[in-house]
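Ligands are counted one by one from 1 in listed order, and the atoms in each one are counted from 1 as well. In this chain, residues are counted from 1 in sequence order.
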Amino acid sequence: MRPQVVVLDLGSQYTQLIARKVREQRVYATIEPYDVDPEALAERGVGALILSGGPASIYAEGAPRADARVLELGVPVLGICYGLQYLAATLGGEVARAAAREYGPATLHVPSPHALFDGVPESFAVWMSHGDRLEKLPPAFRALATSDNSPYAAVGDDARRIYGLQFHPEVTHTEHGSSILANFLFGVAGLESTWTPASFITEKAAEIEERVGDEHVVLGLSGGVDSSVLVSLLHRAVGDRVHAIFVDNGLMREGEVDEIERVFQGELGIPLAVARAGELFLNKLEGVADPEEKRRVIGHTFIDVFVAEAEKVGGRVKFLAQGTLYPDRIESRSVKGPSDTIKTHHNVGGLPEELPFELLEPLAELFKDEVRAVGRELGLPEKIVGRHPFPGPGLAVRCIGEVTPEKLAMLRRADAVLREEISEAGVYDEIAQALAVLLSVKSVGVMGDERTYEHVCALRCVTTADFMTADWYRMCHKLMAKISSRITNEVAGVNRVVYDVTSKPPATVEWE
Ligand code: XMP
């Protein structure tokens with residue numbers, strides 16, 4: 001699909017947020033590295049450009065600078081923060097180090113009406129985060145708004161439709177930020193809201209149909225949102241020539257395998273092959289206590305089982321569909337360094353490249369919330385579309401130490417109680433992920449008149465937007481008490497429940 005807006009990534013932590021905010025206006029935006037080839041952009045065609053912010057100082061050595069020809073494409077440009085400074089430095093203005101870094105709220109004053117500020121008040125709060133500031137306007141530019149600290153909080157050249165904002169319209173702390181972005185997209189650039197779940201489904205289904213032709217497609221269904229949406233979309237596009245394989249690794253939650261079969265085969269009428277391989281997985285996991293080793297064993301076993309199941313479809317399968325999402329593949333040459341491998345999780349369940357299939361990744365343009373919207377449009381039930389993520393290695397990484405059938409049974413029950421209770425209390429959607437962890441330590445307790453020496457169960461509920469960072473969920477004490485009491489009463493082998501009050505970082509969401 002052709003993007004209507006390209007966001008050039010100059011290193012801002014908010015680059016993805018800008019793209020998402022544009023998409024919320026139902027305009028399709030993609031992110032490109034700042035040094036994208038302008039000719040490639042021109043060839044592809046684009047309706048408007050947004051230059052992100054970034055932490056660099058524009059005159060510093062190595063500061064990211066886009067090829068100036070991107071400003072000559074004849075399409076409207078909006079530079080945000082560092083993006084504005086890049087515009088100024090490139091088009092003949094001047095940028096200087098401000099005496100004090102301006103960080104936090106500021107008041108914006110819009111002295112006279114302008115298309116960019118249509119429908120917003122004359123003064124309102126915006127969010128600033130910059131060290132450098134614009135000292136001299138480039139020729140043909142004029143000030144459109146000021147702040148107490150700067151006469152050039154918003155600037156523009158109406159003839160060329162190039163604008164710059166010193167503040168961040170994409171963050172929630174900026175009042176009317178969405179209106180300003182909408183004004184740029186619709187009022188200035190004349191774009192239309194065509195990016196809707198329904199239009200995505202129609203276009204993607206046609207694209208898939210054309211690419212797949214008469215061939216067959218396999219995919220691994222996990223029951224999570226992404227693979228569920230993937231299989232529904234493919235089923236819409238190529239009908240029964242999609243072969244969904246669900247590998248029951250014996251590490252799923254209580255009732256989950258049955259529920260997935262019921263929803264897909266029953267409610268949605270999508271054929272599903274279930275490979276019941278729980279015993280195989282548990283045998284392979286015997287004696288394995290190290291978290292990364294568990295992931296490796298589970299990953300390899302998954303591939304073996306999946307491939308054997310795919311072979312049953314016969315030699316007709318040409319494609320493998322995967323639920324890769326947009327944030328997984330944004331290529332950014334901005335300032336971020338290569339990050340350490342903390343966990344190898346994104347490889348788990350990933351299939352080796354040398355498999356004899358062509359890869360289909362029809363969700364690769366979507367953010368997670370868009371996948372959910374597409375799922376709803378496809379008629380997937382809310383219990384699938386709105387569900388918390390669940391890791392590929394399943395309960396294995398929540399059973400600290402060696403995974404045994406006994407420990408799994410305890411964990412499964414405790415996890416079911418937790419999920420039941422947060423749903424019952426109506427807080428499931430306030431929590432991004434809720435999990436129970438069975439610790440390998442035992443502690444002393446007393447039940448009746450007896451001393452007990454049993455397992456500790458930790459509960460972890462987090463809130464987060466993107467799972468890169470997370471905070472612990474402030475659960476009401478009454479609910480905590482109810483869950484704790486139910487677990488110690490109903491789960492034989494657990495005599496103590498603790499609640500995890502650590503954010504990420506320094507902890508991670510999962511315990512392993
Ligand atoms: P962490 O523990 O890294 O988790 O803070 C962030 C998100 O990733 C999920 N996660 C995994 N998902 N395979 C997966 O498919 C894994 O091995 C894995 N480990 C963590 C975790 O549940 C959370 O949503």
Engineer: I'd like to check which ligand 1 atoms, numbered from 1 as shown, lie under 4.0 Å from a non-hydrogen atom of V509.
Structural biologist: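 Checking each atom against V509, I get 1 (P), 2 (O), 4 (O), 5 (O).
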
Engineer: Side chains of residues 248-256: which donor-acceptor partners sit under 3.5 Å, not counting sequence neighbours?
Structural biologist:
unit_1	atom_1	unit_2	atom_2	d
D248	OD1	G250	N	3.0
N249	OD1	L251	N	2.8
R253	NH2	E256	OE2	3.3
E254	OE1	R413	NE	3.0
E254	OE2	R413	NH2	3.1
E256	OE1	R253	N	2.9

Engineer: Would you say ligand 1 has an N or O under 3.5 Å from any N or O of E512?
Structural biologist: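 No; the residue has no nitrogen or oxygen that sits under 3.5 Å from a nitrogen or oxygen of the ligand.
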
Engineer: Is there a side-chain contact between V509 and L435 (heavy atoms, below 4.5 Å)?
Structural biologist: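 Yes, their side chains come closer than 4.5 Å.
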
Engineer: Mark up the atoms of ligand 1 that fall under 4.0 Å of a heavy atom belonging to P393, in ascending order.
Structural biologist: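 Listed by number with element: 13 (N), 16 (C), 17 (O).
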
Engineer: How far apart are the C-alpha atoms of V126 and L165, what are their side-chain angles, what is the distance that settles it, and do they pass the side chain to side chain contact (heavy atoms under 4.5 Å, CB included) test?
Structural biologist: CA-CA 10 Å; V126 297; L165 306 175; over 6 Å; no

Engineer: Checking the N or O distance criterion of under 3.5 Å, is ligand 1 in contact with G392?
Structural biologist: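 There is such a contact, yes.
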
Engineer: Taking only residues two or more places apart in sequence or in another chain, which ones pass side chain to side chain contact (heavy atoms under 4.5 Å, CB included) with A458?
Structural biologist: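 A458 satisfies side chain to side chain contact (heavy atoms under 4.5 Å, CB included) with V437, L439, V498, W511 only.
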
Engineer: Between E365 and Y28, is any pair of side-chain heavy atoms under 4.5 Å apart?
Structural biologist: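 Yes, at least one pair of side-chain atoms sits under 4.5 Å.
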
Engineer: When you compare ligand 1 with K504, is there at least one nitrogen or oxygen pair between them that comes in under 3.5 angstrom?
Structural biologist: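 Yes, K504 has an N/O under 3.5 Å of an N/O on ligand 1.
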
